[in-house]
Amino acid sequence: MSGARGPLDTDVAIETPEHIVFHYRVAGPARRALGHVLDLLLCYGGVAVLGVVVWLAASGGGLETEELQATAKGGFGLVLLALFAAQWVYFVVCEAYWGRSPGKMAVGLRVVTTSGRPIGWRAAALRNLLRAADLLPVAYLTGVVSMALSSRFQRLGDLIAGTMVIVPESARAARALELSPPAEPRELRDLPEHVVLDAEERGAIELFLRRRHSLGTARELELASVLARPIGDRLGYAHPNPSRLLALVYDRAVNAGRLEAPSSWHPRERTSSKKRRAGEARS
Amino acid sequence: MTVASTLTEKAFTERRKPEWEALDALTNEAQRRGIKKLEPDAVLRMSPLYRSVCADLAAAQAARYSAPLVDYLLGLTAAAHTVVYGPHARGREDGRKGRIRQAWLVAFPRAVRRFKREMLLAAALFFVPFALGCVLTLRDPSFAFRVVPEAMLRPLTEAYAKGFDAGREAGDGAFMAGFYVYNNVGIALRCFALGIFGGLGSAFYLVQNGLSIGAILGYVASQGAGENIVVFIVGHGSLELGAIVLAGGSGLSIGWSLVAPGELPRLVSLQRRAREILVVVAGAAVMLFMAAAIEAFWSGSSAPREVKVAVGGTLFVLVLAYVLFAGRTQDGDLEASGDDSPEEPS
């Protein structure tokens, strides 16, 4: 196992060969149950539709000839085969091919190995064969107990196959924060030339700035003042509006006075840009 | 405090964005259509792109760029990671067919022999209650009612008493085939799965099934249709009963790996054994599919009983020989247990 436990108990960290550490959020019982109910509806709905079709075909034909009767019986054999597939084949095939069943896809879940890789046939077969044990005595009670006791919400099938169910983070590009309206000279007069924020301060301000539009004005100012006071005191900078103060300080710390990339930053002129950077770092 | 990068986040993003978007597009396409269907040069671009975005992520984390940017890169690399290290990236294109043949001819019988202790125990757990149920019912037919409901036994007896001279209609055969697959394969798979409770679930299923099948046989025989039911069972019995025993033995085996893991942690021992034994479970399921076809279309047919017995006997010898001798090398089963699992148990 290459991963270490993360700070949260639903967080699993996995290190790849590229020395990148992924954090996965492990899916809890409620979300998985919802996905499973959707899967069951799909499966047994499919079997029911097939059953109704066969039944209609059989009764609609009037069953006059023996030949037709025999065909109808054969049709119900097909329904039983479909029932078998719904119980034992559906999950194995879906998860082996796509890493998730349609129900899991609908609620945004994915099955991966405990080392974070997509699962193969064996793991898919094992974790779904063991469903028979997990759903005992009723309503997946064994599975839920096993999930409660394991560190990654694993039911017995997950434990034996070495898999876990995660909530994959979607890759969405977030817009960079911009100072609006632009800073006025009056506001910048007292602001120090170099503002250094540590990672936690920076993270907190960023979180605040991204959420502030969804807060009421009073709440925005109240929250901002919690952060603005110690930071303002440290920098010796004051502003009547604490929220604006945070935005100004953040902008200065992150963009350090230049909002655009230096003109030398083009791959073709890589050598010159390196020199330029070395010069900047020294100064 | 030192600043890790002199590049502003905005400049970094602008400069690297084309590659991120290229990787995002490739990943989406690979997830939608499968990596095998991508153009050759797209596959070639995938891995360097993935690595350079990994480097971007590391740089962004070191330079403490904003959380959304880092999250975005994490999501992007995670999605690409699933594609680059996916199951299709591991095997060779030509591997699958060879692997399936190898599993049938070598891995399955070898695994059965390798775990012969468990398989023999499973056979005992099945056939001793089977014999017991049969003998007890022959001495006192009412014993059967304690094991199997009377409402099920009576029509069964009537059906066997009629014999098979009339044969079965085609529709009946297809219906019964579906029923046998649903019922028997389901029992076998459940019998394996419940082995996780220290093997007790498998043992229970084996004993219960042995006892009730024995009781049915004894009861039908005591009502004077013994020859018919034996002729019926002999056609597919070697496959069907054999497969139940193999599935039960696999269940006992994973149960035992949990109870007595040796030097390994219990979980690791269980995971390894489950991977090794899975081929036996799959083999048992296939045997039951074959048994269902035989049971539905041949065992109940109007073929003469001598022919049925001869075919059933031949099948029995073939199954036994297959399990005992297939895949043996001169040195026995020592080399290449067929476990070339690329997914290491963790």
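Proteins get letters first, then strands, A, B, ... in listed order; numbering begins at 1 in each. Quick note: numbers below take in every heavy atom, side chains included, and nothing from hydrogens, waters or symmetry partners.
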For B:Leu270, which atoms come within 4.5 Å of any heavy atom of chain A: side chain, backbone, both, or neither? both
Can you say whether B:Ala177 sits under 4.5 Å from chain A via the side chain, the backbone, both, or neither, judging by heavy atoms? neither
Stacked cation flag A:Arg131 on A:Phe91, 6.0 angstrom / 45 deg: yes
Nearest 0.5 Å, what's the CG-CH2 distance between B:Leu69 and B:Trp20? 4.5 Å
Is B:Val279 in contact with chain A via its backbone, its side chain, both, or neither, using a 4.5 Å heavy-atom distance? neither
Where does A:Ala161 contact chain B at under 4.5 Å (heavy atoms): side chain, backbone, both or neither? backbone
Test log, rule ring-ring contact (aromatic ring centres under 6.0 Å, His included), inputs B:Phe204 and B:Phe197: CA-CA 11 Å; B:Phe204 171 80; B:Phe197 303 119; over 10 Å; no
If I measure from the heavy atoms of chain A, does B:Ile196 come under 4.5 Å with its side chain, its backbone, both, or neither? side chain
Hey, could you give me the CE/CZ distance between A:Met164 and A:Arg127, rounded to the nearest 0.5 Å? 11.5 Å
When rounded to the nearest 0.5 angstrom, what distance separates OG1 in A:Thr113 from CZ in A:Arg122? 14.0 Å
Side chain, backbone, both or neither: which part of A:Leu159 has an atom under 4.5 Å from a heavy atom of chain B? both
Would you say the side chains of B:Ser269 and B:Arg273 form a donor-acceptor pair under 3.5 Å? no
To the nearest 0.5 Å, tell me how far A:Arg100 CZ sits from A:Leu109 CG. 9.0 Å
Tell me, side chain or backbone of B:Ile254 under 4.5 Å from chain A's heavy atoms, or both, or neither? side chain
A:Arg110, part contacting chain B, at a heavy-atom distance under 4.5 Å: side chain
Under 4.5 Å heavy-atom distance to chain B, tell me which part of A:Leu136 shows up: side chain, backbone, both or neither. side chain
Counting heavy-atom pairs closer than 4.5 Å to chain B, which one of A:Val79, A:Leu81, A:Leu129 comes out on top? A:Leu129
